[in-house]
Amino acid sequence: MTFGDPTQRARGSSGIGRFFEAPQIGRMSPASRLIVYSLLLFWSAFVLFPLYWIVITSVKLPIDVNDGPAYLPFIDFAPNMHAWRDLLVLDLAETVKPYRNSVIIALFATIACMLIGSMAAYALARIEYKPKFGTILLFVVAMVGASVSVGIWGVDWRLAAASAGAIFVLLARALGRRFKRSVGNGDILFWMISQRILPPVVTVVPVYMMFQSVRLLDTHFALIVTYTVVNLPIVVWLMYDFFSGIPKDLEESAQLDGASRLTVFYEIVLPLARTGLAATTLLVLIFSWNEYVVALFLSTTNAQTMPILVAAMNGGEKGVLWWKMCVVIIIMIIPVVLMALVLQRFISKGILLGAVKG
Amino acid sequence: MSVADIEAASTATSRAQKLSIRGLNKSFGAVHVVKDLSIDVEPGEFLVLLGPSGCGKTTGLRMIAGLEVADSGQIVLGDSDVTSVLPKYRDVAMVFQSYALYPHKTVADNIGFPLKVRGLPIEQRAAAVREAAAQVHMDDYLDRYPRQLSGGQRQRVALARAIVRRPSVFLMDEPLSNLDAKLRGYMRAELKHMQHELGVTTVYVTHDQVEAMTLAHRVAIMDEGVLQQIGTPRDVYDRPANLFVAGFMGSPSMNFIRGSVENGRFESHGVSLPLVDAAPGGDVVMGFRPEDAQVVDPGAGLFDAKVFTAELTGDVTLVTVALGDTSLAVKMPKEYEVDYDSAVAVTLPLPQAFLFDARSGQRLPARFAEVAR
Ligand SMILES: Nc1ncnc2c1ncn2[C@@H]1O[C@H](COP(=O)(O)OP(=O)(O)OP(=O)(O)O)[C@@H](O)[C@H]1O
Ligand SMILES: [Mg+2]
C-alpha cells in the first residue's frame, strides 16, 4: 500500500496492531475473523452432529446401538448394512409405497399451493380491494343459512346453494350501501395468516370428519387438498412481500410497450420474483414433505407418507428400531437436499438493481 | 413559430397524430392534483409541460398514457377518443421519470421488448434495436444489464426503448434529469433532432426552463394543477400571462416591485413612472427582466437604489440592488465592478417592463411610457 491509512500509521504497523485492524471497510480484522470462524465452526458441528449420528446409526447392528454410545465406524463398531438391506431389498415394496405417496402428495400440493398462492399474492399486491362490511356479513349469513338448511332441515343442496346465491346477489348492493365501512388489502392479508394461528391438531378432527363424509379418507387427494389449504397463507404472505417489492413502473412500462396483463406477469413479474418463488417453494415443499399430524389422521394404508413410516419404526414389542428409522430418515432427506441445491440457483440478491433510479 | 407553421412542418410525416386533452381532472383522495387541463397538441408538435415539482405534470402525462384514470375529461388521439382505452392499445411510448428498465433483461432485450410483444421476427428486431441504440449512442452496451450502467446510460436506454417503435405519441417524463450538464446539452440537441426527423407528436415534461425553451415548439406552464399559459417559448418569455409565469421563466427570475397606480402613474416606494394606457387605479406589480435593466450612476436612472451584492457568474456580473426592502437583480457586463453599499440608480427601456394586477396576478394591458432622460 502506498498511502498507509492514518489509523495504521498512528499505531505503527506492528504485528499486534495489524491483528486487530480491518484492512478495509467491510473486511474483518484477523482477530474478529478468528472469532467468527470458530463460532461458525462450533455451530456447524452442533447442527451436523445429529446428521452424522443418523448416518452411523443406520449402519450399526442392534447390539452396537443398545450397548451404549459408539462414535466411530470401523473403530468403535463394525459397520453393517443390514438395516439398508432390510428396507431397500427385502421390504422394498413396503418402503417404496410411502415414498411414492410422499413424492406425489408433496409435489402436487406444492405446485397447487404456489400457483394459487402467488396469484392471490399478486392480486393483493397490485389491486386494491374494498369489500364492504355489509357484503361480507351477507355472504357469511347466506353461507350459514345454506349449510343449516342442508344439514339440519335436509333441503336439497342444489336448491340451498342456488337460493343462497340469489339472496346474496339481490341484497348485496342494498346492504353494501348501508354499511359503508370496508376492509382493505391489509385486512385480507391478516385474515389469511390468521388461519394459521390455530394449532393444526385442533382442526384435524373436523377435517377428518369432512373427508370421511365425502369418502375421501386415505387418498392422495385428501392430503394434497389439505396441505394446499394449510400452506396457502404462508405462500400469500411471503409472495405478497416479493411482489410488492417490484416497482410498479416496470409493469406500467411493459403495458405501454404493448404487453398484455398475462405477458407482463410472465415476462416481467415472475422472473423478478423468482428469488421469492424459489424460497417459498422450498419452504412449502419441506412443510408438505415432513408433515405428520394431518397425515396420521387422513391416511391409513394407501396414502401413507414417509413421516408415518418413520413413526412406525417406533414402538411394537421390539422397541424402537433405531437403525431402520435412520435409513428412512436418510432417504427422506436426500430429495429435499437435492431440491434445495436446485432452487438455490434461482435465489440471488440484487435482482432488481438498475430497474429504477434512486 | 405559430401553430400553422408547426402543422406545415409536420405534413411530411403522415403518421403524426393530433392529441387533444379536454377538461381533464384528477384527484388523489382530497387533493385535487390536475384541474381542468385542456391542451391541443398538433400533429408532430413538440410540446413541453413545464412547472415546479409536484404541480401535477407526471399525473397529467400518466393520464394521457392511460396509467391513471381521469376523474373527468376526454383524451382524443387522432380521430379516436381514447379516454377509456387500455394503455397497451393507445400506441403511446413513454419514458418514465424513473426509467423503469427491466433489470433482468439486457440492454438489447430492453430496447427490443416492445417489438417482441408485437411478435416481430427476431432478425428485424435485432436490426431495429441496433438502430435505436445507435441513435442514443448505446450500441456498444447491448449485452449489458441495467445494473451495469450509469444513470445517464440507463436514461438513454429508456429513450431507445421508446423510439424503437414508431408510436403515435411520445411521452417523456424528465428524460434528461439525471445527465451531467454536458451530456444533457448534447442529448437535448439529439432529442430535438430525433423528434424533428421522426415527426412524432411529443409531450415532454420537465421543470428545467432551459430545456423547455430550447426543445419546445410550444410550452405549457402549469402550477398547482392549473394550466397557466401555453404558447411558443418566445411568447411565454416575452408576454407572460401572469405573475407565476413571469417569475418561473428566466434565470434569475423577473424582478417585481409592488406598488399602485395613481393618476396614470406607477407609484411605489421611491419610484414613480408614467403609464401609457391609464390603468384603473389599484395595487399592481411592476416586472422587468434582469437582462433588460442596467445599473448607472445615482440620479441618472429611473430610480435610485443601493448595491447589495455583485457576483461574477462567468459571462455576466449579477448585481443585486436593494430598493427599500425589495431586492432587484440586474445583469451587467462581466467587466462591471462596483462596491457594496454604494449608491446607484437602475434604468431600463420602460416599454419592456410589465404591469400585473397584484390581486389576480394577471398581466395588465397597460404599458409604461418611454421616459426621456
Ligand atoms: N398515487 C398518488 N397518490 C396520492 N397522491 C399522489 C399520487 N401521485 C401523485 N400524487 C400527488 O399529486 C401531486 C402531483 O404529483 P406529480 O407526480 O404529478 O408531480 P410532478 O409535477 O410530476 O412533480 P415532479 O416534478 O417532482 O416529478 C403531488 O402533490 C403528489 O403528492
Ligand atoms: Mg414528475
Side-chain angles (χ1 to χ4, degrees), chain A residues 118 122 125-130 180-182 184-186 239 241-279 343-358, chain B residues 58 61-62 64-68 86-107 109-120 144-155 157-158 161-162 164-165 167 169-171 173-175 177-179:
Chain A
S118 54
Y122 180 67
R126 284 294 183 253
I127 304 171
E128 201 184 326
Y129 293 98
K130 285 188 220 156
K180 275 272 159 51
R181 302 242 350 244
S182 58
N185 289 17
M239 289 312 297
D241 215 49
F242 279 99
F243 287 137
S244 306
I246 299 175
K248 217 174 168 182
D249 280 4
L250 295 186
E251 289 170 56
E252 292 174 341
S253 172
Q255 275 178 39
L256 285 177
D257 285 345
S260 65
R261 258 230 132 97
L262 212 63
T263 313
V264 173
F265 192 70
Y266 284 113
E267 284 271 349
I268 311 294
V269 178
L270 280 190
L272 293 179
R274 67 169 197 219
T275 293
L277 284 173
L343 288 175
Q344 199 177 26
R345 290 186 39 237
F346 296 101
I347 298 179
S348 54
K349 60 179 175 179
I351 195 168
L352 282 169
L353 280 184
V356 292
K357 75 172 163 200
Chain B
T58 299
L61 212 59
R62 287 171 57 84
I64 300 175
L67 298 172
E68 214 80 69
L86 280 177
K88 73 168 194 150
Y89 298 117
R90 289 200 187 188
D91 195 25
V92 302
M94 180 155 166
V95 179
F96 283 69
Q97 196 167 3
S98 63
Y99 323 144
L101 297 182
Y102 311 128
H104 59 301
K105 293 181 184 290
T106 59
V107 168
D109 288 345
N110 262 284
I111 300 175
F113 186 71
L115 306 178
K116 185 179 169 192
V117 297
R118 280 175 178 68
L120 208 71
R144 297 244 197 135
Y145 284 91
R147 63 173 172 277
Q148 299 165 317
L149 302 177
S150 74
Q153 291 169 331
R154 288 178 200 169
Q155 216 152 26
V157 175
R161 187 175 59 187
V164 73
R165 69 192 165 99
V169 176
F170 276 141
L171 304 176
D173 198 349
E174 309 196 14
S177 57
N178 247 41
L179 308 185

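The analysis underlying the following values was restricted to heavy atoms, covering all of them including side chains, and did not include hydrogens, waters or symmetry mates. Residue numbers begin at 1 in each chain, while the letters A, B, ... track the order of the sequences.
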Checklist outcome for this item: OH of Tyr102(B) to CG of Leu272(A), rounded to nearest 0.5 Å, is 10.5 Å

Next on the checklist: Measuring from atom CG of Asp249(A) to atom CE of Met94(B), what distance do you get when rounded to the nearest 0.5 angstrom?
Outcome noted: 8.0 Å

Checklist entry - Among Lys248(A), Gln255(A), Glu267(A), which residue forms the greatest number of heavy-atom pairs with chain B at distances under 4.5 Å? => result Glu267(A)

Step through the shown structure and confirm whether more than 12 heavy atoms of other residues, nucleotides or ligands are within 6.0 Å of [atom1] on [X].
X         : atom1 : answer
Phe346(A) : CZ    : no
Gln344(A) : CD    : no
Arg261(A) : CZ    : no

Checklist entry - Which bit of Ile268(A) is near chain B, if near means a heavy-atom gap under 4.5 Å: side chain, backbone, both or neither? => result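 Both backbone and side chain.
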
Next on the checklist: Does any backbone or side-chain atom of Thr263(A) lie under 4.5 Å from a heavy atom of chain B? Answer side chain, backbone, both or neither.
Outcome noted: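 Side chain only.
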
Next on the checklist: Is the shortest side-chain heavy-atom distance between Arg62(B) and Glu252(A) below 4.5 Å?
Outcome noted: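 Of all side-chain heavy-atom pairs linking Glu252(A) with Arg62(B), at least one is under 4.5 Å.
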
Over all atoms of both residues, closest heavy-atom pair of [X] and [Y]:
X         : Y         : answer
Arg165(B) : Leu256(A) : NH2-O, 2.8 Å
Ala259(A) : Val117(B) : CB-CG1, 3.9 Å
Phe113(B) : Ala254(A) : CE2-CB, 3.8 Å

Next on the checklist: So for Ala65(B), is it side chain, backbone, both, or neither that comes closer than 4.5 Å to the heavy atoms of chain A?
Outcome noted: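 Contact with chain A is through both the backbone and side chain of Ala65(B).
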
